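The model shown is predicted, which means the values in this text are computed figures rather than measured ones.
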Amino acid sequence: MHVLILGGTTEARRLAELLHGTPGLRLTSSLAGRVAAPRLPPGEVRIGGFGGTEGLTAWLREHAVDVLIDATHPFAGTISFHAATAAATAHVPLLALRRPGWVPVPGDRWREVDSLAEAAAALPGLGRRVFLTTGRMGLAAFADLPADLWFLVRSVDAPEPPYPARTEVLLDRGPFTLDGERDVLRRHRIDVVVTKDSGGAATAPKLTAAREAGVPVVVVRRPPVPEGVPVVPTPADAVTWLLAHMSHRLPPR
């Protein structure tokens with residue numbers, strides 16, 4: 001059985017680790033290639049896009065993929081819709097592995113918005129020293145904000161313009177610790193945090209640190225996802241689902 005994992009996330013890498021070496025299973029992980037030096041999962045790895053829905057459909061057929069697992073980032077919405085269409089066209093079972101989103105708790109000062117543009121529009125009334133943790137993509141949404149706003153941008157790779165004029169870049173990769181996030185807020189005198197609702201534990205400590213410091217957090221909601229696709233929250237659940245499929249002969253494609 002050939003399984004293709006659309007990856008690039010901690011969960012995708014963990015799933016590949018759990019499945020690697022399973023008898024009768026050929027495993028291929030696909031990474032988008034947006035990070036210069038990604039942490040590669042075990043097994044076969046391909047890097048780069050497929051060329052839209054048609055390209056992914058053709059790849060599934062050409063490489064005789066039996067199961068497709070969408071374990072991409074919650075904000076990589078386009079590829080999830082491509083995966084749903086391609087899987088249906090190629091008659092390949094599809095599973096989505098999506099980490100649960102974050103849920104506010106008492107003491108949180110969240111402002112939930114639907115886009116980076118809405119997050120940028122909310123900032124002038126919330127603070128002047130911004131901890132921007134949305135990654136290096138999409139910084140153009142903040143580039144034209146008033147010059148009295150200062151940004152600490154954290155990302156794995158250095159961002160490219162356009163981005164805010166008063167920007168300091170912090171190159172770092174999660175998982176992050178609570179003590180480390182407390183230090184970032186204190187050392188840079190952060191008075192507002194901007195994040196996407198990525199979910200998971202690797203980057204959640206900033207939310208706790210912000211709550212402790214009374215710092216507001218602008219949270220960008222997740223984009224819509226394809227309907228009708230089975231979803232599991234953890235790599236272990238994905239393994240259980242896949243092994244159940246392996247125990248039965250898949251219908252011919």
Side-chain angles (χ1 to χ4, degrees), residues 6-13 29-41 45-52 55-56 71-82 111 113-124 126-176 180-181 183-185 187-200 202-207 210 217-223:
L6 304 178
T9 60
T10 301
E11 289 79 12
R13 188 169 61 252
S29 295
S30 178
L31 310 181
R34 292 181 177 176
V35 177
R39 294 173 178 171
L40 298 180
V45 177
R46 70 171 301 279
I47 296 179
F50 289 94
L56 178 54
T72 56
H73 192 276
F75 281 82
T78 300
I79 184 61
S80 293
F81 281 91
H82 287 176
R111 171 81 65 88
V113 297
D114 289 321
S115 67
L116 291 177
E118 288 187 20
L123 285 178
L126 293 176
R128 292 189 174 183
R129 296 185 65 83
V130 184
F131 186 23
L132 191 54
T133 67
T134 57
R136 65 188 179 91
M137 310 296 289
L139 296 183
F142 304 88
D144 296 325
L145 289 175
D148 61 343
L149 291 177
W150 177 89
F151 290 82
L152 177 66
V153 173
R154 181 166 67 191
S155 64
V156 176
D157 296 319
E160 297 180 356
Y163 49 74
R166 299 181 63 203
T167 293
E168 179 176 331
V169 176
L170 175 61
L171 297 181
D172 204 354
R173 186 198 302 260
F176 302 104
E181 299 295 62
D183 180 65
V184 168
L185 298 189
R187 181 158 39 94
H188 295 280
R189 307 192 312 279
I190 299 299
D191 56 16
V192 60
V193 175
V194 180
T195 186
K196 295 177 178 178
D197 180 17
S198 299
T203 59
K206 64 189 170 190
L207 302 175
V217 181
V218 180
V219 180
V220 182
R221 298 185 184 97
R222 294 183 176 190

**OP:** Mind checking the NZ-CZ spacing from K206 to F131? Nearest 0.5 Å is all I need.
**Re:** 7.0 Å

Original post:
Which atom pair, heavy atoms only, marks the closest approach of A141 to A117?
Top reply: CB-N, 4.2 Å

Original post:
Between L116 and K196, is any pair of side-chain heavy atoms under 4.5 Å apart?
Top reply: yes

**OP:** Flag yes if more than 12 heavy atoms outside R129 fall under 6.0 Å of its CZ atom; otherwise flag no.
**Re:** yes

Original post:
Looking at residues at least two apart in the chain, or sitting in another chain, which of them share a side chain to side chain contact (heavy atoms under 4.5 Å, CB included) with A76?
Top reply: T72, H73, I79

Original post:
Hey, is the main chain of V194 close enough, under 3.5 Å, to the side chain of T133 for a donor-acceptor pair?
Top reply: yes

Original post:
Closest heavy-atom contact between A147 and R166?
Top reply: O-CD, 2.9 Å

**OP:** Step by step, work out the side-chain contact (heavy atoms from CB on, under 4.5 Å) result for E168 and F151.
**Re:** CA-CA 6 Å; E168 179 176 331; F151 290 82; over 6 Å; no

Original post:
Are any of the side-chain nitrogens in R221 or D114 under 4.0 Å away from the carboxylate oxygens of its partner?
Top reply: yes

Subject >> Validation row: T134, F75 side chains within 4.5 angstrom (heavy atoms) >> reply: no

Original post:
If every non-hydrogen atom of L145 is compared with every non-hydrogen atom of A120, which pair is closest and at what distance?
Top reply: CD2-O, 3.5 Å

Original post:
Any sub-3.5 Å donor-acceptor pair from R46's side-chain atoms to L31's backbone N or O?
Top reply: no

**OP:** Can you run down the salt bridge (charged side-chain N to carboxylate O under 4.0 Å, His left out) pairs that involve residues 140-156, sequence neighbours left out, and say none if there aren't any?
**Re:** R128-D148, R154-E181

**OP:** Could you give me the CA-CA distance, side-chain angles and deciding distance for V184 and F176, then say whether side-chain contact (heavy atoms from CB on, under 4.5 Å) is met?
**Re:** CA-CA 11 Å; V184 168; F176 302 104; over 6 Å; no

Subject >> L185 side, atom CG; L152 side, atom CG - distance, nearest 0.5 Å >> reply: 9.5 Å

Original post:
Would you say the side chain of F142 lies within less than 4.5 Å of the side chain of L149, judging by non-hydrogen atoms?
Top reply: no

**OP:** Taking side chain to side chain contact (heavy atoms under 4.5 Å, CB included) as the test, write out the residues that go with S155, two or more places apart.
**Re:** R136, P159, L171

Original post:
Rounded to the nearest 0.5 Å, how far apart are CG of L207 and CG of D197?
Top reply: 8.5 Å

Original post:
Should L139 and T167 be marked as a side-chain contact (heavy atoms from CB on, under 4.5 Å) after you check the CA-CA gap, both sets of side-chain angles, and the distance that decides it?
Top reply: CA-CA 11 Å; L139 296 183; T167 293; over 6 Å; no

**OP:** Provide the closest heavy-atom pair for A71 versus T9 in the form atom of the first, atom of the second, distance.
**Re:** O-OG1, 2.7 Å

